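Step one of this worksheet: look at the structure below.
Note that this is a predicted model, so its numbers are computed, not measured. Residue numbers start from 1 in every chain, and the chains themselves are labelled A, B, ... in the order their sequence lines are given, proteins ahead of strands.
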4 protein chains.
Amino acid sequence: MTTGTGSLREAQKALTRSRIIDAARVVFEQQGYAGASIGLITTEAAINRATFYLHFPDKAAVFREVVALDRMHTDEYWRELNTALMSGTRDAMARWILRLTHWARDNASLMPSKHEAMASDPEFAKEFQPRYDRLSDEIAEFLRTVPADDRADMKIRVQMLVVMLDQMFFHALVQGVWAGGEDQLLRVATDICCKALDIE
Amino acid sequence: MTTGTGSLREAQKALTRSRIIDAARVVFEQQGYAGASIGLITTEAAINRATFYLHFPDKAAVFREVVALDRMHTDEYWRELNTALMSGTRDAMARWILRLTHWARDNASLMPSKHEAMASDPEFAKEFQPRYDRLSDEIAEFLRTVPADDRADMKIRVQMLVVMLDQMFFHALVQGVWAGGEDQLLRVATDICCKALDIE
Amino acid sequence: MTTGTGSLREAQKALTRSRIIDAARVVFEQQGYAGASIGLITTEAAINRATFYLHFPDKAAVFREVVALDRMHTDEYWRELNTALMSGTRDAMARWILRLTHWARDNASLMPSKHEAMASDPEFAKEFQPRYDRLSDEIAEFLRTVPADDRADMKIRVQMLVVMLDQMFFHALVQGVWAGGEDQLLRVATDICCKALDIE
Amino acid sequence: MTTGTGSLREAQKALTRSRIIDAARVVFEQQGYAGASIGLITTEAAINRATFYLHFPDKAAVFREVVALDRMHTDEYWRELNTALMSGTRDAMARWILRLTHWARDNASLMPSKHEAMASDPEFAKEFQPRYDRLSDEIAEFLRTVPADDRADMKIRVQMLVVMLDQMFFHALVQGVWAGGEDQLLRVATDICCKALDIE
DNA sequence: TATGAATGAGTATTCATTCAT
DNA sequence: AATGAATGAATACTCATTCAT
């Protein structure tokens, strides 16, 4: 009996929870991090404001959840970077960077909130930033092909380049402010990466 | 109406104005953009809240003023980049990047607010971002030394690298989250830039 | 969701709402329309300032509500006017006007605010004024006894007289500024009305 | 010397004073009594806010001044009423009422503020209302033609009718809310007055 | 579990008024 | 006499959060 009821309630609870997360994403995308209020989120989710507090302690918590979904994708793309780096060809790099633009386009709408949250709350900065550390894990396989002495440098090098690409796409796609067409951006970005990594 | 009276009053007004700007800077540094309230600013400036509105229409306006001071320095550093690029030596680049760290350290405290403001207010993003366009002007001299066909690409290339360095310093110095020591960061950054620009 | 809970909550809400309305009436009477602040109203109602906004969007809305109660009485008295007109005797008119003084005395305290609101806000003027149009509806029965050709004039005629009486009571009772005693006022007013309506 | 300078200064002072009064009238007409702020008045007068306090202690004082000008005209029209009443013809009454519409149209714009001020400030009500007492003075000549026993009633009677006409024009001309055309209004108003005064 | 109602704390903004010049 | 700058006080409004149901 308890199990039955329990699992039903659990399902209801999970449903409400995901409604909140989905609504929160929409609101964060439209209003930014500071601009999003719990009232807006619960209105969007069509639930009562008090219900929110049954599932999350505050705005930051639900934001973490929203972002978590993105990060799974991030990991995936980084794993693909490992493959590209292993192949060691300019072509593979170019293809990966192109793929990155697709990812960026998909996630563009949430980025401003993410940047805003990171900038305003040091807690977030610490929490979201370490992903660049995790990058090392994802490309561990590639790093092992690098001479041990160069390995530390190479880790930093790749991190910097990824940061650069992230920023480039943020500026170019999200904010739309960048001179030059997309083809040119891709070409130059690829060239910088290849040169920096001694590819070809 | 007389010059004497006028300039005295002008001086008084300017004094109050700069008190506000200074106080605002302190508050923005400590509390971030959204966290800074006009009450905090006027308390810090030890003036009446209403006096603020005599000098600025809102928080955004005083923030623009605060940031404007930084941007003057930015232009200066970009002019120095032109010199470094013209010399075309790895050493010059290394020195310039080192200098950039000093600048970053000086301005580090305001950066979170800046990023936050840019992320939250599209108006700010438009206003502060275009600086990368102005970068082209500052390095115009260098660009003229590049074959005409490569010029457009080179402009983008330099922009990307500067964005990368900005981000690197933001992460490393301001938020303090980056594996590896500062020496290593500088070394790798310099190497990426030189390789990307075919220096040496 | 259950009827019991729903109606209990509804009752609580209605209670708070009526507390606000009652308090607002007191404040409007004492302070006038412009002089009444939401703070005063909520203090008088002994509720939190924010609670006010849960029930009304602004001062104008609660004022409308306060006035609405009066207007129900107004309609009632106008219906009685119809009866008096139908009877067509000076005595009936006199009695009705006397009754009007009672009504005026009851509602006198709120009138200044009403006049003030109407004078300051064209929205209110439009909203409260059209009642004179509704007057025609209330005395429709009487109007049908009037020759068709005179009907339009008679409508205006009655409206004017009612406006006159309203004003007279406003000046005499509310503001207390009028030479002569109340008996005299009633006698003269009745006489003017009867003569203007060819009664007797 | 003192006289010369004095009269020059006096002239300047009078000029500024009348600038304030003129500006105040414009602002009261546009913004209403409560809506008019000293800032708006001084902006309209193109003088400094502090200068206002050199000439008037507060908003009420300048409003009194503004209204005083109107009242002179009022007295004039009331004197003409005396003439019309003396002639004792329907035609004379009709002409006077028509003339009243012209006056009403001229002064319509300030009326809302006047009503608002009277409604909100009992001081104003007392100050502006007594004019109906002065009405008795203006029509004193006519009153002497009335049998001594009816004189008191007649005074009230005329006052009521004037109040009615004032209100009618206020509603019809200023607020524009009144069914029927102007001709009809004039005709009915004239008829009521004549009947009430036993003219014809 | 979910909700409607209520709250307390905080924030921007406006205005009348005063003072040194 | 006139002004620019500054002030203190008041007000509307919003939001995150809690509690009884």
Side-chain angles (χ1 to χ4, degrees), chain A residues 5-6 8-17 34 36-42 47-59, chain B residues 1-2 4-17 34-42 47-55 57-59, chain C residues 1-2 4-17 34-42 47-55 57-59, chain D residues 5-6 8-17 34 36-42 47-59:
Chain A
T5 305
L8 175 58
R9 289 224 167 142
E10 253 177 69
Q12 282 179 331
K13 186 166 186 175
L15 180 70
T16 304
R17 189 183 164 82
S37 76
I38 291 180
L40 285 173
I41 293 171
T42 53
I47 57 158
N48 186 274
R49 209 158 51 244
T51 306
F52 176 91
Y53 290 94
L54 244 45
H55 296 270
F56 299 96
D58 52 24
K59 187 167 72 170
Chain B
M1 192 165 265
T2 56
T5 303
S7 66
L8 176 57
R9 288 218 169 144
E10 255 176 66
Q12 283 177 330
K13 184 167 190 176
L15 179 70
T16 304
R17 189 184 164 84
S37 77
I38 291 179
L40 285 173
I41 294 172
T42 53
I47 58 159
N48 187 277
R49 215 196 245 108
T51 304
F52 176 90
Y53 290 96
L54 231 51
H55 295 269
D58 52 25
K59 187 167 72 169
Chain C
M1 191 164 266
T2 57
T5 305
S7 67
L8 175 58
R9 286 218 170 145
E10 254 175 69
Q12 285 177 329
K13 183 167 189 175
L15 180 70
T16 304
R17 190 184 164 84
S37 76
I38 291 178
L40 284 172
I41 294 172
T42 53
I47 57 158
N48 187 276
R49 214 193 247 107
T51 304
F52 176 91
Y53 291 96
L54 229 52
H55 295 268
D58 51 25
K59 188 167 71 171
Chain D
T5 305
L8 175 58
R9 287 228 166 139
E10 254 176 67
Q12 283 179 330
K13 186 165 184 175
L15 180 69
T16 304
R17 188 183 164 83
S37 76
I38 291 180
L40 285 172
I41 294 171
T42 53
I47 58 158
N48 187 274
R49 207 156 55 239
T51 304
F52 176 91
Y53 291 94
L54 244 44
H55 296 270
F56 299 96
D58 51 24
K59 187 167 71 169

Ranges pairing with ranges for DNA chain F, where each run has three or more Watson-Crick or G-U pairs under 3.5 Å: E:2-21 with F:2-21
Under-4.0 Å side-chain N/O to phosphate OP1/OP2 contact, B/Thr16 with F/dA6: yes
Separation of atom CG in B/Leu54 from atom P in E/dT13, rounded to whole Å: 15 Å
Length of the line joining B/Phe52:CZ and E/dA12:P, which is rounded to integer Å: 9 Å
side-chain contact (heavy atoms from CB on, under 4.5 Å) against C/Thr51, all qualifying residues, sequence neighbours excluded: C/Thr16, C/Ile47, C/Asn48, C/His55
Separation of atom CD in C/Glu10 from atom C1' in E/dA5, rounded to whole Å: 13 Å
Gap between atom CZ of B/Phe52 and atom CG of B/Leu54 - 0.5 Å precision: 11.0 Å
Sequence-aligned protein contact record of nucleotides 14-20 of chain F, with B where the base is within under 4.0 Å of a protein heavy atom and S where only the sugar-phosphate is: BBSBBBB
Validation row: C/Ile38, C/Tyr53 side chains within 4.5 angstrom (heavy atoms): yes
Separation of E/dT3 P from C/Lys13 NZ (nearest whole Å): 15 Å
Residue mapping more 5' on DNA chain F - nearest nucleotide basis, C/Leu40 or B/Thr51: B/Thr51
Any D/His55 side-chain nitrogen or oxygen under 4.0 Å from OP1 or OP2 of F/dA2: yes
side-chain hydrogen bond (donor to acceptor under 3.5 Å, both in side chains) involving B/Arg49 - partner list, sequence neighbours excluded: none
